[in-house]
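A short worksheet on the structure shown next.
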2 protein chains.
Amino acid sequence: MTQPEEQHGAPVRAWRPTLQEVAALAGVSRATASRVVNGGAGVRSEIQVKVRQAVDELGYVPNPAARALMTRRHDAVAVVVAEPESRVFSDPFFARQLRGIGRELSASAVQLVLLLVTEAGDYAQVGRYLAAGHVDGALIFSVHNDDPLPAIVDGLGLPTVYGGRPGWEPTGAAPLYVDTDNRGGAQAAVRHLRERGRQRIAVITGPLDQASALDRLSGYRDVLPQADPALVAEGDFTAEGGRRAMAELLDRGGDDRPDAVFACSDLMAAGAMAVLAERGLRVPEDVAVVGFDDGDTAAQWASPPLTTVRQDIEGMGRLMARLLLTRLQLTFDGNTGAAAGLAPVVTPAELVVRASS
Amino acid sequence: MTQPEEQHGAPVRAWRPTLQEVAALAGVSRATASRVVNGGAGVRSEIQVKVRQAVDELGYVPNPAARALMTRRHDAVAVVVAEPESRVFSDPFFARQLRGIGRELSASAVQLVLLLVTEAGDYAQVGRYLAAGHVDGALIFSVHNDDPLPAIVDGLGLPTVYGGRPGWEPTGAAPLYVDTDNRGGAQAAVRHLRERGRQRIAVITGPLDQASALDRLSGYRDVLPQADPALVAEGDFTAEGGRRAMAELLDRGGDDRPDAVFACSDLMAAGAMAVLAERGLRVPEDVAVVGFDDGDTAAQWASPPLTTVRQDIEGMGRLMARLLLTRLQLTFDGNTGAAAGLAPVVTPAELVVRASS
DNA sequence: CTGAAAGCGCTAACAG
DNA sequence: CTGTTAGCGCTTTCAG
């Protein structure tokens with residue numbers, strides 16, 4: 001008996017059948033067995049059946065390490081999420097995008113490997129992981145302007161798709177990304193407030209080292225180029241940040257307070273509304289509020305329900321995955337992708353009017 | 001020239017240095033190079049230096065596939081999340097636990113592979129993935145009573161830790177899990193409402209095929225064994241479910257409506273509060289509300305702020321990871337773990353009183 | 001259409 | 001302490 005005796009019920013299946021044994025049982029060579037396992041192209045169907053029987057009988061599952069060693073493919077992609085301010089996960093935005101990605105990948109039997117960057121030191125670890133060639137490609141989120149990741153994947157030549165337009169100057173190949181029309185959405189939001197007759201429209205921005213935050217601010221400025229600088233407060237996409245920014249806006253103004261505020265995320269809008277409530281200001285009578293995201297929770301459960309800019313978040317996730325997958329396919333075929341007409345995608349952002357404005 | 005000519009800036013580093021070349025450059029054998037790369041135990045420090053220089057010079061990174069083929073370890077664990085009702089990601093609960101797990105694993109340089117089960121068919125895919133031996137262990141969340149996953153990992157003998165007590169009868173070894181004191185927390189919540197003088201305390205439960213939901217309901221019944229059955233409504237942990245359940249409770253009662261409600265998740269509490277607001281019922285004057293989770297968003301941003309049962313969500317995630325890691329270490333040492341005194345952990349749940357009750 | 005042979009890059013005995 | 005020798009399990013030319 002070579003198997004160690006178990007002390008408990010669950011048998012640790014330390015030993016797993018190999019292709020060799022499948023071949024032996026089916027009475028064919030390893031090579032043929034391999035062909036069948038990989039689709040069976042060019043194998044007599046009679047033999048295919050025998051091999052598949054053997055596979056079932058033995059419960060054979062290919063060893064991915066061995067396969068990867070040979071093929072240099074892993075059928076896995078990394079999703080890299082940097083959350084320096086531990087923001088990502090309190091925001092449903094990312095979660096929904098992740099779901100879209102998961103759906104799309106699992107349809108192609110490609111594994112999703114989630115890499116969380118929590119502390120600065122993790123960048124090196126993630127870099128090593130990617131450099132080791134664990135995965136065939138990467139999806140990278142919420143890149144800040146000083147983010148080391150783009151340089152890393154660029155240096156590695158790892159096929160990558162970004163979530164949100166990366167704000168850095170492209171050095172090598174043009175980056176592939178999926179983004180919302182942040183600027184257009186912001187314009188629509190601000191225009192809406194103006195059309196409602198609001199005179200002093202404030203904005204609570206996201207962190208200004210991120211392209212999405214900058215773009216939304218640009219949209220605001222497009223519509224209100226002459227706006228009082230005191231109407232702009234920087235937030236960080238979190239509820240707490242929205243809270244702080246709103247308080248700041250109110251404290252600044254004296255009695256010339258804003259009569260509307262465009263918060264660049266729903267979470268910040270929620271924070272802002274909490275402050276307004278505390279100060280006895282009614283929404284929308286005294287101050288109209290518009291958010292951005294429509295990532296369910298915040299917008300729909302706020303009272304009053306939040307007017308916001310909707311993006312198809314899950315769809316963006318799917319798109320990212322799809323883009324990467326075709327890029328990988330092309331790479332495998334020896335094409336770099338850019339040549340094949342792969343290009344960034346910008347999805348529309350649509351204003352949804354509810355009671356808060 | 002064997003390397004394909006690049007059409008674009010980014011060089012695809014198709015070729016990567018192997019241990020062989022590191023050894024050659026350092027003037028030692030592969031074996032020695034390998035030893036150095038793996039810590040250098042028992043190698044003259046003089047040679048270690050030479051090898052490390054070669055590693056740096058060449059930018060060598062070990063090929064994980066080759067290594068796994070040999071060692072049968074992957075330094076990766078799977079996190080399996082089944083979200084049949086697409087609930088998981090709208091709930092900050094899971095996200096925070098994930099963060100705890102990520103922190104703990106990255107401290108041990110163990111990779112986190114996220115497996116999302118979205119549709120019924122995905123179970124087979126996840127099963128195959130786990131069976132293939134991609135990972136050394138698994139963390140499994142939100143097991144329902146008919147969940148096929150426990151049987152799968154059990155059959156595979158894959159070291160596993162559950163998030164939340166699995167509600168099935170243990171067949172093999174006793175399952176390892178990390179859970180909150182759901183029952184105790186629920187008792188505290190209901191007792192609190194009773195002490196506040198509430199007479200008709202309703203409960204909005206979670207999905208009753210999940211242990212956590214059942215345990216919370218048990219806590220309610222512990223305190224109010226004689227409660228009117230009409231005061232119990234089944235929810236599903238989502239805001240929308242809470243909404244429906246609350247409406248049901250109000251419609252049932254006639255003018256004998258509840259004067260308090262214990263919602264078994266914050267999200268459901270938020271839904272319930274929305275319904276109460278719509279019907280012109282004040283919180284807490286007319287109906288007191290208590291939630292469960294304290295997963296930031298919902299509880300803190302509700303108005304009025306929600307009284308709820310707090311659990312250390314991130315800590316639970318860390319604990320799960322830690323438990324699995326020590327279990328893996330033991331497995332590697334040839335021990336099954338149960339023998340070594342590894343046991344489930346139940347963390348405390350503490351009532352946090354805010355304005356809603 | 002099938003089999004034989006040659007590794008992919010690495011680690012783990014086993015000698016020296 | 002270090003090198004030599006065998007593979008891990010799989011795919012993939014290349015003959016037949």
Side-chain angles (χ1 to χ4, degrees), chain A residues 2 13-52 54-55 58-76 128 131-134 136 332, chain B residues 2 13-52 54-55 58-76 128 131-134 136 332-334:
Chain A
T2 64
R13 186 170 303 302
W15 187 82
R16 322 211 12 254
T18 96
L19 194 56
Q20 180 70 270
E21 346 211 16
V22 172
L25 182 59
V28 299
S29 72
R30 270 197 346 257
T32 300
S34 173
R35 289 186 187 105
V36 173
V37 169
N38 292 287
V43 177
R44 224 183 332 162
S45 62
E46 183 186 332
I47 294 196
Q48 290 201 29
V49 172
K50 280 211 293 204
V51 173
R52 286 193 220 287
V55 165
L58 263 36
Y60 170 76
V61 183
N63 179 323
R67 178 177 275 178
L69 191 52
M70 202 60 212
T71 61
R72 288 154 183 297
R73 301 185 94 234
H74 300 257
D75 296 312
R128 239 174 296 128
H134 269 288
D136 304 325
F332 193 64
Chain B
T2 63
R13 187 171 303 302
W15 187 81
R16 320 212 13 254
T18 98
L19 194 56
Q20 181 68 270
E21 345 210 17
V22 171
L25 181 59
V28 299
S29 73
R30 273 202 335 264
T32 300
S34 174
R35 289 186 188 106
V36 173
V37 168
N38 292 287
V43 176
R44 223 184 331 161
S45 62
E46 183 185 333
I47 293 196
Q48 291 200 30
V49 172
K50 280 211 294 204
V51 173
R52 286 194 218 286
V55 165
L58 263 36
Y60 169 77
V61 183
N63 179 324
R67 178 177 276 177
L69 190 54
M70 203 60 213
T71 62
R72 290 155 182 296
R73 301 186 94 232
H74 300 257
D75 297 312
R128 238 174 298 128
H134 268 286
D136 304 325
F332 193 64
D333 298 347

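When reading the values below, keep in mind they use all heavy atoms of this one structure, side chains included, and skip hydrogens, waters and symmetry mates. Naming: A, B, ... by sequence-line order, numbering from 1 per chain.
Among Val36(A), Val37(A), Leu58(A), the single residue meeting the side chain to side chain contact (heavy atoms under 4.5 Å, CB included) criterion with Val22(A) is Leu58(A).
The side chain of Ser34(A) contributes an N or O atom lying less than 4.0 Å from OP1 or OP2 of dT11(D). Contact annotation: Thr32(B) reaches the phosphate of dG3(D) (side-chain N/O to OP1 or OP2, under 4.0 Å).
Spacing between atom CZ of Arg73(B) and atom P of dC8(D) amounts to 20 Å, rounded to whole angstrom units. Distance Gln20(A) CD to dA6(C) C1': 15 Å, rounded to the nearest Å. When rounded to the nearest whole Å, the span between CZ of Arg16(B) and P of dC8(C) equals 15 Å. We find that CZ of Arg72(B) is positioned 14 Å from P of dG7(D), with the value rounded to whole Å. Atom CG in Asp75(A) sits about 15 Å away from atom P in dC10(D), given to the nearest Å. When rounded to the nearest whole Å, the span between CG of Asn63(A) and P of dC10(C) equals 16 Å. One atom, CG of Asn38(B), and another, P of dC10(C), lie 10 Å apart when rounded to the nearest Å. Atoms NE2 (His74(B)) and C1' (dG9(C)) sit 15 Å apart, rounded to a whole Å.
Taking for each of Val61(A) and Gly27(B) the nucleotide of DNA chain D with the nearest heavy atom, the 5'-most of the two is the partner of Gly27(B).
Of the candidates dC1(D), dG9(C), dG3(C), dG9(C) carries the atom nearest the Leu69(B) side chain, counting heavy atoms from C-beta on. For Met70(A), whose side chain is taken as the heavy atoms from C-beta onward, the closest listed nucleotide among dT11(C), dG9(C), dG7(C) is dG7(C). Listed nucleotides dT11(C), dG9(D), dT2(C) differ in distance to Ala66(A); the shortest reach to its side chain belongs to dG9(D). When distances run from any side-chain atom of Ser29(A) to the nucleotides dC10(D), dG3(C), dG9(C), the shortest one goes to dG3(C). Taking only side-chain atoms of Leu19(A), from C-beta outward, the nucleotide of dT11(C), dC10(D), dT2(D) with the closest atom is dC10(D). Closest to the side chain of Ala31(A), out of dT11(C), dT12(D), dG9(D), is dT12(D). Of the candidate nucleotides dG9(C), dG7(C), dT12(D), dG7(C) has the atom lying nearest to any side-chain atom of Arg30(A). For Pro62(B), taking side-chain heavy atoms from C-beta onward, the closest of the listed nucleotides dG9(C), dT2(D), dC10(C) is dC10(C). Side-chain proximity of Arg67(A) to dT2(C), dT11(D), dG3(C): nearest is dT11(D).
Thr18(A) places none of its side-chain heavy atoms less than 4.5 Å from the side chain of Asn63(A). Using a 4.5 Å cut-off on side-chain heavy atoms (C-beta onward), Arg67(A) and Asp75(A) make no contact. Between Val28(B) and Arg35(B), every side-chain heavy-atom pair lies at or beyond the 4.5 Å cut-off.
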Sub-3.5 Å pairs of nitrogen or oxygen atoms, protein against nucleotides 14-16 of chain C:
none

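Distance check, rounded to the nearest 0.5 Å: CD of Glu46(A) to CD of Gln48(A) gives 11.0 Å. Taking CD from Gln20(A) and OG from Ser29(A), the interatomic distance works out to 9.5 Å, rounded to the nearest 0.5 Å.
Looking at every heavy atom in both residues, Leu69(B) comes nearest to Ala65(A) through N-CB, 4.0 Å.
Nucleic acid contact for Val37(A): none, since no nucleic acid atom lies under 4.0 Å from a heavy atom of the residue.
Here the side chain of His74(B) pairs a donor or acceptor atom with the backbone of Gly133(B) at under 3.5 angstrom.
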